[in-house]
Amino acid sequence: MEQSNKLVRLLKVVVESYISKGEPVGSKFLHSLDDVTYAPSTLRKHLNLLEREGLVFQSYNSSGRIPTITGLSKYIEELIESEISSNEDYNLEIQDSRMSLKYMVEQLGSIVDGVTVGFIEHDEYFYLGVNKLLKEEISSDEYAITKKIIKIIEDKQIIWFISSKILKNNQIYYTFIGEEQQFISCLFTRITINDFPAIISIIWGIRVDYERNCNILKTVLSKLGSQ
């Protein structure tokens, strides 16, 4: 159990370092971090174990590690199951009365890392959070992701994809959409707004702040549950 916990903690560091740096994460870089206290030999051993379990991979022998979809899935599952981080106190400006879907999406769209999409189930309308898709300047990487997200939204692929799943209210789910390493990540939850079932989802590429987005969705659910 202790060994497993150590691997999960190391995977968390690798994933978050990759999200921050955008490049393979090497053992020398990891050893320089305050969060990693393993001896170099132990660190290499643990990285090899993560690779053997399919959670990270190396494009060639001397390169750093990159998290796999399996590794990202494990990372997100740990975030969903964990308590809300004490240092993440988001002011969502959620009114005491039941808010409209549009208001929720617009509020979330201003604070999440990614694009917020919300829709009422079996309804032809949906709302898009006003955030990264409307930025005046985005990087070349973000431009490619933005084009893909726009297509997914315009074609309503995201709606049909999530609607095809059997979901319980007030639980956080995740999925990856795409192929050939061109993945879109999606965190989503099913809620009830004025007796209508609705979906709130946060979508972006795989390099996204999963912890922040999970905490935001947890906060939304906790506030809705207290009403």
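As the structure is a prediction and not an experimental result, all values here were calculated from the model.
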Trace of the side-chain contact (heavy atoms from CB on, under 4.5 Å) decision for Ile200 with Val105: CA-CA 7 Å; Ile200 296 292; Val105 170; 3.8 Å; yes
Chi angles and distances behind the side-chain contact (heavy atoms from CB on, under 4.5 Å) call for Ile202, Ser185: CA-CA 8 Å; Ile202 304 170; Ser185 64; over 6 Å; no
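By the 4.0 Å N-to-carboxylate-O rule, Lys12 lies too far from Glu78 to be salt-bridged with it.
Without hydrogens or angle criteria, Glu51 side chain to Val56 main chain gives no donor-acceptor distance under 3.5 Å. In this structure, Ser17 contributes its side chain and Val14 its backbone to no donor-acceptor pair below 3.5 Å. The backbone N or O of Leu79 lies less than 3.5 Å from a partner atom in the side chain of Ser82, making a donor-acceptor pair. Remark: side-chain polar atoms of Arg65 are not paired, donor with acceptor, to backbone N or O of Val15 under 3.5 angstrom. Judged by distance alone, with hydrogens and angles left aside, the side-chain atoms of Ser201 form a donor-acceptor pair with the main-chain N or O of Val117 at under 3.5 Å.
A perpendicular orientation is assigned to the rings of Tyr210 and Tyr75, their planes being inclined by more than 60° (bins at 30° and 60°).
Side-chain atoms of Leu187 and Thr175, non-hydrogen and from C-beta on, never get closer than 4.5 Å to each other.
There is no side-chain donor-acceptor pair under 3.5 Å between Thr189 and Asn170. Donor-acceptor pairing under 3.5 Å is recorded for the side chains of Tyr174 and Glu77.
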